[in-house]
Amino acid sequence: MGREVRPRDGVREAGLEIIPKRKAHFGPVDPVKSREIFIHSALVEGEYDTGAKSLLHNRELERTIAHLEDKARRRDLMVEAEARYAFYDQRLPSTVFSGRSFEKWRKDAERSDARVLYMSIDDVLIGDSTEVGEGSYPDRFVTAGGDLDLRYRYDPSAPDDGVTLEVPVEQLGQIDADRADRLVPGLLAEKIEALMRTLPKQTRRYFDIPAVAKQAGIDLMHTDGSLIAALAENLSNRAGVTIRPDTFNTAQLPDHLAMRYRVVNPEGEEIATSRDLVSLRREFAEQIKAGFTGLAKGEWHRDGITAWDFGELPKSIEIATDPAPILGYPGIVDEGPPGKNKPGHAVGLRVFDTPEVAKDATRLGLARLGIRRLKADLRFDDKAITNFQTIALWYAPLGSPEQLRDEIMMLIADRLFVGDAKHPRTYEEFSARIDNAWNRLSAVSTECTQIAEQVFTRFSSVASRLEARHPQNWDRAIRDMRAQLGSLVTANTLTRTPFRWLRGVPRFLRAMEVRMERLRGGGVDRDLRAMADVHKWQRLLAERAAKHQGEGIVDPNLVEFRWMHEEFRVSVFAQELKTSVPVSDQRMEKAWEKVRP
């Protein structure tokens with residue numbers, strides 16, 4: 001807007017335009033009306049271009065309130081234009097009706113009161129600003145390595161409606177999906193209420209939904225783990241009935257109740273947006289890995305290590321990045337047995353983007369370091385493994401004798417030096433494990449060798465029987481068992497299976513033989529019914545495992561459920577073999593409720 005109110009005027013005579021319409025200064029003609037227009041358009045609507053600090057402050061204050069409205073998803077926090085008009089009307093004299101007169105008056109007025117035109121928060125805000133403060137609607141999202149920007153928008157028709165988290169691509173793996181699922185404190189109660197309204201009608205009747213959602217939002221904001229699982233447990237305790245996490249229908253939630261991710265490259269340019277963190281991690285898996293590896297170069301990126309020469313292994317390190325530092329998790333990685341142009345039994349050092357992945361890698365790395373000490377300090381000869389040639393014969397479809405020998409040695413080293421205790425993080429702690437291994441070496445090596453023999457002998461037997469000719473009505477059962485065998489026994493079963501469950505693998509394989517014997521005895525119909533019960537949990541397991549892999553989640557409860565599923569197979573196909581833990585359909589359901597969504 002210009003400095004004066006200037007309507008267009010012209011001169012006409014006998015219906016003819018003598019002088020065309022031209023802008024005229026309206027102030028002297030009607031100063032009252034001109035003043036009203038000036039205050040409304042120039043000051044309230046912000047059309048007047050001025051360097052006055054007071055007006056710049058007031059406009060920034062109005063933008064702040066508009067931002068609070070985006071956060072709180074309301075359009076009733078800023079006072080109406082009439083109230084802002086009244087603010088200026090009460091302060092400006094009647095002689096101010098243009099920019100020129102305003103600037104002259106302002107400069108004189110500010111000499112006696114520098115803040116005469118400064119609005120306060122109370123002049124523009126309706127209600128209490130603490131309701132939409134930083135505690136409820138933060139501007140930053142806390143991650144393991146540093147804080148990231150949050151942006152808010154209230155426009156249901158816009159793709160960025162709701163809360164957007166800006167994430168550098170290399171930090172996608174560090175976002176706590178459970179924490180992000182809770183959005184921000186100010187929106188959690190709304191999300192919980194929306195989730196509760198997806199419950200079946202007979203379940204909803206137990207609750208005063210708005211009141212319970214408000215309290216549950218307070219209870220669950222700072223809890224760990226899955227929001228859905230925590231809410232199911234919270235509501236179950238309130239109502240005295242069982243509500244499973246999968247009872248909620250998240251597909252019915254409006255978009256703004258899911259975090260939106262804006263992924264940027266190192267130059268800060270947007271490369272993707274989505275509300276699906278799993279799909280983003282899957283899409284940018286290589287960039288995440290490459291970007292993080294590139295950032296994590298340094299003392300914790302080494303190869304060819306044959307002795308603990310790297311000091312203490314820290315739980316985490318801070319990596320300087322822009323705009324915020326990120327956390328990395330050092331781990332010891334297994335570089336395998338001796339090979340061409342490769343030192344014998346070497347490990348490397350790497351930095352991982354999650355502590356769970358670092359821990360998994362380090363278990364194998366520690367075992368590899370342990371093999372060197374097993375041979376040098378404990379003088380254990382891997383050529384003296386009992387019945388090795390026989391075991392290698394049964395192992396042949398999976399790998400070479402050299403690979404089998406390495407697997408058995410890694411298993412022995414793991415049980416001696418790692419086991420179920422916390423991982424050693426210093427040379428002194430690791431050496432203490434070596435010193436304590438003397439008395440256990442014979443028993444541990446014997447048990448590990450016997451387990452290997454039992455696993456691969458039984459594997460060979462089951463594999464042969466599955467390949468034999470069989471009646472056509474066995475087809476579904478045979479396909480099921482082949483898939484089971486493929487997941488149960490691999491070339492790396494000895495080192496990739498938790499030892500507690502590795503002891504049970506021969507029994508799981510024997511259960512498959514019992515199942516085939518019952519098929520031969522005419523139990524096909526019964527087998528099909530039992531298979532339906534087994535596949536119900538198998539489908540859930542497969543889907544959740546794929547989801548967790550995409551999210552970079554390592555959930556001990558899912559691992560436990562995977563092996564309970566093998567015990568469940570024993571209970572339905574070979575009850576006489578007994579199970580190592582109590583298992584039933586009800587117990588499977590309870591175990592599943594503990595698995596992270």
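Keep in mind that what you see is a predicted model, and the values were worked out from it rather than measured. One is the number of the first residue; the rest follow in order along the sequence.
Counting non-hydrogen atoms of other residues, nucleotides and ligands closer than 6.0 Å to CD of Gln538 gives a total above 12. Heavy-atom contacts from other residues, nucleotides or ligands closer than 6.0 Å to NZ of Lys536 number more than 12. No more than 12 heavy atoms of other residues, nucleotides or ligands sit less than 6.0 Å from atom CD of Glu80.
Look at Arg539 and Glu543 and you find no salt bridge, because none of the NZ, NE, NH1 or NH2 atoms lies under 4.0 Å from a carboxylate O. Salt bridge status for Asp113 with Arg91: absent, with no side-chain N to carboxylate O gap under 4.0 Å. A salt bridge is defined here as a Lys NZ or Arg NE, NH1 or NH2 lying under 4.0 Å from an Asp or Glu carboxylate O, and Arg569 with Asp480 meets this definition. Using a 4.0 Å cut-off between charged side-chain N and carboxylate O, Lys33 and Glu36 make a salt bridge. In summary, Arg244 and Glu589 engage in a salt bridge, as defined by a charged side-chain N under 4.0 Å from a carboxylate O. Salt-bridge formation is not detected for the pair Arg260/Asp161: no Lys NZ or Arg NE/NH1/NH2 atom is positioned less than 4.0 Å from an Asp or Glu carboxylate oxygen. Using a 4.0 Å cut-off between a side-chain N of Lys or Arg and a carboxylate O of Asp or Glu, Glu103 and Arg106 qualify as a salt bridge. In this structure, Arg63 pairs ionically with Glu60, as a charged nitrogen and a carboxylate oxygen lie closer than 4.0 Å.
The nearest pair of heavy atoms linking Ala72 to Leu77 is CB-CD1, 4.4 Å. Across every non-hydrogen atom of Val351 and Tyr329, the tightest pair is CG1-N, 3.4 Å. Listed here is the closest heavy atom pair of Tyr261 and Val167: CD2-CG2, 4.2 Å. Between Gly99 and Phe38 the shortest heavy-atom distance is N-CE1, 3.4 Å. Residue Leu148 comes nearest to Ile175 through the heavy atom pair CD1-CD1, 3.8 Å, listed as atom of the first residue, atom of the second, then distance. Ala272 approaches Leu280 most closely through the heavy-atom pair CB-CD2, 4.0 Å.
Looking only at distances, no side-chain donor or acceptor of Tyr152 sits under 3.5 Å from a matching main-chain atom of Asp70. Counting only distance, with no hydrogens or angles, the side chain of Arg587 and the backbone of Met564 share no donor-acceptor pair below 3.5 Å. Although no hydrogens or angles enter the test, the distance criterion places no donor-acceptor pair under 3.5 Å between the side chain of Asn265 and the main chain of Ile271. Using a distance-only test at 3.5 Å, with no hydrogens or angles considered, a donor-acceptor pair links the side chain of Ser236 to the main chain of Ile243.
Put simply, the residue from Arg74, Arg75, Arg153 that forms a salt bridge (Lys or Arg N to Asp or Glu O under 4.0 Å) with Glu69 is Arg75. Considering Leu183, Leu220, Thr250, Asp178 as possible partners of Leu227, the one that fulfils the side-chain contact (heavy atoms from CB on, under 4.5 Å) test is Leu220.
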Before giving the answer on salt bridge (Lys or Arg N to Asp or Glu O under 4.0 Å), spell out for Lys71 and Asp139 the whole-Å C-alpha distance, their side-chain angles and the decisive distance to 0.1 Å. CA-CA 10 Å; Lys71 287 183 171 183; Asp139 291 318; 2.8 Å; yes
Glu62 and Arg84: CA distance, side-chain angles, deciding distance, salt bridge (Lys or Arg N to Asp or Glu O under 4.0 Å) verdict: CA-CA 10 Å; Glu62 291 170 9; Arg84 286 174 282 151; 3.8 Å; yes
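With values rounded to the nearest 0.5 angstrom, Leu68 atom CG is found 6.5 Å from Ile121 atom CD1.
Between the side chains of Arg500 and Ser580, no donor-acceptor pair is found at a separation under 3.5 Å. Side-chain N/O atoms of Thr164 and Arg151 include no donor and acceptor closer than 3.5 Å.
Taking the six-membered ring where tryptophan is involved, the planes of Phe102 and Tyr48 are perpendicular, since the angle between them exceeds 60° and thus also 30°. The aromatic rings of Phe561 and His565 sit parallel to each other, their planes meeting at less than 30°, with 60° as the upper class boundary.
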